[in-house]
Amino acid sequence: MRRPLAALGTTALVITSSLGLTLGTAGAAHASREYCEAMFGSYEPLLYQGITGFDHQVQELQCKLNSWKPSLALVEDGKFGPATRDAVVRFQAFAGLEQDGVVGWYTWSSLDRWANYLQT
């Protein structure tokens, strides 16, 4: 049976939380995961540079990347251009992921974990 990507991301977050994996406490105020999802939705498709038709999901991605590193100052315009791709590659390097600039399940789940860390 196939599960929606959002359900798989939620499962990973529950497993991570139940294992007690935390990164500490955040010192600065950032946009929360709930804010990003409330503003732009929570469906998390495969995103890559040049993709069209997923403006709200790209805005959610840009919002989450800005909450991770406000100095990126990405414009949350829903366009997956070179600046968004560069920010994704930087985040993937930070998270120990393959640095391909493609936002799939591993990148989404890492961004969600980071957003949860910033809320604590």
Review item, side-chain donor-acceptor pairs of residues 45-53, under 3.5 Å, at least two apart:
none

Under 3.5 Å, side-chain donor or acceptor atoms of residues 83-96 against the rest of the protein: list the pairs with distances, not counting sequence neighbours.
| unit_1 | atom_1 | unit_2 | atom_2 | d |
| --- | --- | --- | --- | --- |
| T84 | OG1 | Q62 | NE2 | 3.0 |
| R85 | NH2 | D100 | O | 3.2 |
| Q92 | OE1 | D100 | N | 3.2 |
| Q92 | OE1 | G101 | N | 3.0 |
| Q92 | NE2 | D100 | OD1 | 3.2 |
| Q92 | NE2 | V102 | O | 2.9 |
| Q92 | NE2 | T107 | OG1 | 3.0 |

### Task
List the atom of Q59, the atom of E76, and the distance in Å for their closest heavy-atom pair.
NE2-O, 3.1 Å
### Message
Could you report the tightest heavy-atom contact between S110 and L97, atom names first, then the distance?
### Response
OG-CD1, 3.7 Å
### Query
Do K64 and D112 sit within salt-bridge range, that is, some charged N less than 4.0 Å from a carboxylate O?
yes
### Message
Is any side-chain heavy atom of L61 closer than 4.5 Å to one of L111?
### Response
yes
#### Entry: N66 CG to L74 CG distance, which is reported to the nearest 0.5 Å
4.5 Å
